[in-house]
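Naming: A, B, ... by sequence-line order, numbering from 1 per chain.
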Number of protein chains: 2
Amino acid sequence: MDTKALEKTALSVRALAMDAIQKANSGHPGVVLGAAELGAILYGEILRHDPAKPDWADRDRFILSAGHGSMFLYSLLYLSGYKGMTMDAIKSFRQVGSPAAGHPEYDAARGIEMTTGPLGQGLATSVGFAIAESMLAARFNTADRKIVDHYTYVLAGDGCFQEGVSSEACSLAGHLGLGKLIVYYDSNKITIDGATGLAFTEDVAKRYEAYGWQVLSGSMYDFEEIARLTNQAKAETQKPSLIILTSIIGKGAPTKANSAGIHGSPLGEEEVAAAKKALGIPGDFYVAPEAEIYFKNKQEEWKKAREAWQNEFDAWAKENPGKKQEWDAFYSGKAVPVKLPVYQAGEKIATRTAGNKALDAIAAANLNLVGGSADLKSPNAVGLSNTTAFQASNRTGRYIHFGIREFGMAAIVNGISLHGGLRSFCATFMVFSDYLRPALRLSALMKQPVIYVLTHDSIFVGEDGPTHQPVEHLASLRAIPNVRVFRPADAEECAEAWAMAMERTDGPVVLALSRQNLEVFAKDDPDWRNTIRTGAYVAKKTAAPDAVIIATGSEVALALEAAALSGKKVQVVSMVSRELFESQPKALRDSIVPSGVRVISCEAGVRQGWEAWAKPGDIFSIDRFGESGPAPKVAEHLGFTAKALSELISR
Amino acid sequence: MDTKALEKTALSVRALAMDAIQKANSGHPGVVLGAAELGAILYGEILRHDPAKPDWADRDRFILSAGHGSMFLYSLLYLSGYKGMTMDAIKSFRQVGSPAAGHPEYDAARGIEMTTGPLGQGLATSVGFAIAESMLAARFNTADRKIVDHYTYVLAGDGCFQEGVSSEACSLAGHLGLGKLIVYYDSNKITIDGATGLAFTEDVAKRYEAYGWQVLSGSMYDFEEIARLTNQAKAETQKPSLIILTSIIGKGAPTKANSAGIHGSPLGEEEVAAAKKALGIPGDFYVAPEAEIYFKNKQEEWKKAREAWQNEFDAWAKENPGKKQEWDAFYSGKAVPVKLPVYQAGEKIATRTAGNKALDAIAAANLNLVGGSADLKSPNAVGLSNTTAFQASNRTGRYIHFGIREFGMAAIVNGISLHGGLRSFCATFMVFSDYLRPALRLSALMKQPVIYVLTHDSIFVGEDGPTHQPVEHLASLRAIPNVRVFRPADAEECAEAWAMAMERTDGPVVLALSRQNLEVFAKDDPDWRNTIRTGAYVAKKTAAPDAVIIATGSEVALALEAAALSGKKVQVVSMVSRELFESQPKALRDSIVPSGVRVISCEAGVRQGWEAWAKPGDIFSIDRFGESGPAPKVAEHLGFTAKALSELISR
């Protein structure tokens, strides 16, 4: 290990970070300056990667959970030779269009494994990366050849450890014995408000031991020690490791180091100049020649290592053509279409139950689909019949028991999806989508095709009452850009919704499913299985209708009943995905919801957004919290019945 | 301690729960049957309460964090003599309108201290109760007389301990040394999916020790032991205590005890009959005479204890008239109106900064207002200039450093508000309102006037990029019933918004505040300080306008600029609270937004909900994630500028 070169690398990281942040007049120097030594040894010695091939399937993953320290990542990507991170990019740090964005934005081709910034989520998501590695290793490695064999490294700070989402995910990581997850804790004892002692005096090491982790500690500024601790972490194959590195925030800034002020503001011209003088940095955006040479040599080494892996992979492929075929399918990003379950009109079945049948059929053909529920396997109906549970003792299982940890679960399925090779889903009650919402937002932002199965999707949950009855959730889920919400109306639609969810490749899907039984109904559109892919279709066709009811999910049945009761000429549209349908051309929309005709919307939730379709008086909605009681009684109490809707139609 | 009577009480709890759940054919018997012994000793011996006066200010608080076990609470409230929980109520368990709702719904008059069911939140919120007690004790107690001196007890289960929100809040509780918080862990090792060993094998005791708690353990079925452990918990005044009680889920059910099946489903007629036979329960909705007699005697004791406190209180009031006056003000639930900061048109100041001035003025006059931020005291601008930080060593401080724990923070401020005597606020970046959303939902459901200060309220955050720029959040916050969102347009409006927030008594308020400076503008409505209380007023009046622009927050300035640029006759309305304005009578709405005139909406967020006001083409919105860059460049990149709006006006 060339510690001299590593020192010069750390120096260059500090130089680039100070200048980039100063030039942008915005950014977070604290963690970058404080952890530059770890960065140097990580990118130089620890990570098994090849900047010339950032998408190498068996590369080690690195997650910068302390995402505000984005210049840590950018400077090291640049120094180690990732073509996607140029000096120009660094000089345009935090400018519109720069790959060096304010916080790291997922772009695997540039070596950015995930979007970070919302604290705690990098650490939690890394658990998903480690799960994915262990699942794929179990599936594809042979006695002779380990083609999946890499580590997931994380740099996390005080914020990450305070956030509950990391508690959830790391408790599960300990339970699952994810030995190839290695987390460095940049412990600088400073947060935005000041000393961590203001609010955070727990014993983090003891807590992680309680989770079943190996906990090690040392200094951020001793390369030999970091190397030794990392080897110790790798040697422990049955437990994830936490390496606590004592550090100084903003190290190198002569007057501002070790103060809260350096966390999130540029140093200022004067301090930058003084730091450069003290550190011996001769110019702007300085890269030490020793660091340049060091990485140039490394690039050769990395290339060789990667080619050795490639040879191994090719040999494995030759010896195991079946596995190779499966590998290609896994990494294609494309779902295998399946024959979906078939139903007869009149059958009564909850969409959650129909969802399970669809999921099971899809999972049988798509062996890379993995996931589970936050302790609601049976209520959410997401059990997989042809697999076992993923556990420390069983890496081939595809069902994950996440425990009662919704947010941790969603962060983890993001990680599984980001890793590559696998598709992931997770499940909870729709009302508890609030608990996982920040991770769903990241799924959307990172364009990950994660499937969220959210059952018990309305006041028709009944007895469990308002804490368990979503009313605002459909609206609030639709509000997130790039989230697609599907709310199927019966078992047939549910099967198609699952198929559509698998077809999506550029963002998450929410499947909003009923607890209660719904009757399968005959569809007037003979081509409905295609039309539904526009987001809506005509369930009940009427020539020259007096009104069109747009309903979703369980309310389609209610609309059909109300239409019959009303005695009026009513067309009923099932709008399985409002936001998808709204993105269609006008002519197509008009072919389903004819313009000029009165529109009534019908959904057991708040009206927000339905104003685009219906006049205020024609929005049949529930604009309040629910009530505890048997579902039909609750609906009656809230005036949300077929009778009330038929009266509205006749009004 | 009459253990015989306690046994009969536990028997009666089991009898009532089995029958009520069977009659409703819905409910969660597992925890009720499993923890009946704790319930008996808790309500009989441990709690200092008086069922005849549920609103006794100095009563001990009990939070059923495992809210699904609602019959635990209802049966004990009934047995101990709370008039609000009758046998009729229990017989109508889980029926519409019954006080015995599916999950406990906050109703202090009936002895229900908070709404529980969403797991983890009861435990997290209890930390707020304990903080409130210690703050009020520090403020009101004298050397001679302790008029505030009570405990907060919690019953929590495996789910509560797995949820991250409890990790956050309990870490803080340890830091704060809340010695009067005592948590019983009903450790039955079973969750819905089966054995906790499927996903939860961490060492909870060790984790809580790491948080700085005292951890004790014993058996759920040994009254003497529970009493001894509780005394040990009370004796430790510097640390919160966790008492782990090993239990058997569904104890008493002959075949279903100790199985996942009993968690959330009625026992079934047969099992109920067999249980009754085995336990010696002679009839339906049985209450043992020994339990009845026991509680009758207890009621006398409780009355005496409460009267003794009242005498103490009266003596204290006489000796400390100033404190008594303050006490009355604290418990009145009414805010003291204050003289708000004054600004001049043309001043440039961010609404977060103006918010701090208003908050400081209000806090100086309302000494019962307490709160803080999730480690963003200065960025959120919520420092209080005339107080100190609340810490273990300083119970008189009113500023709370919550650490980087948004969800825990919001749960805690709910607890502070629910306790009585105090008003509470909390703060974070608006984008991270997603992290605390489940607690905000409970604020709304429980009608708590908690104030959420959410700064950095749009893409005008700039460089920090899409992870830090809210776009869907205004819509999604407005979607929650009973949440009132105020988005003031300048410093003057901000002061009024803070005043309006303090005036609210029946639900939470969100203050959406800008990071960037905004210019104070002259208002055409001379009575705007009153009119704004309708939710909107005319900022720029125009006779016979070509168009009305409805804008919110920082976009009012943009609308004024665009109106001037357009050369058209444009009226500009500042709609500080859309949902409030939408609740006004039509005539009032028409006086501000005249009907028949083209309306253009302007808000830097998704369009959802604005369809009620403007045609699709006239909604000036941002329907995608933001970008990292200087705010004006981001706005330009997204086409969200005064120029673009003026072109829309002219179209």
Would you be so kind as to tabulate the donor-acceptor pairs closer than 3.5 Å made by side chains of residues 625-638 of chain B, with sequence neighbours excluded?
unit_1  : atom_1 : unit_2  : atom_2 : d
E627(B) : OE2    : R624(B) : NH2    : 3.0
S628(B) : OG     : G102(A) : N      : 2.8
S628(B) : OG     : E463(B) : O      : 2.7

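Among T201(B), T196(B), L198(B), the one residue that satisfies the side-chain contact (heavy atoms from CB on, under 4.5 Å) test with H175(A) is T201(B).
The part of V606(B) that comes within reach of chain A is its side chain, from C-beta onward, which places non-hydrogen atoms under 4.5 angstrom from that chain. Only the side chain of V431(B) has a heavy atom closer than 4.5 Å to any heavy atom of chain A.
In this structure, K377(B) does not pair ionically with D193(A), as no charged nitrogen and carboxylate oxygen lie closer than 4.0 Å.
Put simply, the side chain of S171(B) does not reach to within 4.5 Å of the side chain of R207(A), judged on heavy atoms. In this structure, the side chains of E168(B) and E163(A) come closer than 4.5 Å at one or more pairs of heavy atoms. Taking 4.5 Å as the limit, every side-chain heavy atom of K206(A) sits out of range of all side-chain heavy atoms of D203(B). Using a 4.5 Å heavy-atom threshold, the side chains of H68(B) and T467(A) count as separate.
For the pair Q162(B) (side chain) and I404(A) (backbone), a donor-acceptor distance under 3.5 Å is present. A donor-acceptor pair is defined here as one N or O able to donate and one able to accept, closer than 3.5 Å; such a pair exists between the side chain of Y435(A) and the backbone of L119(B).
For H473(B), there are no ring-ring contact (aromatic ring centres under 6.0 Å, His included) partners at least two apart in sequence or on another chain.
In this structure, the separation between CG on D434(A) and OG on S476(B) is 9.0 Å, given to the nearest 0.5 Å.
Between A479(B) and Q608(A), the shortest heavy-atom distance links the atoms N-OE1, 3.7 Å.
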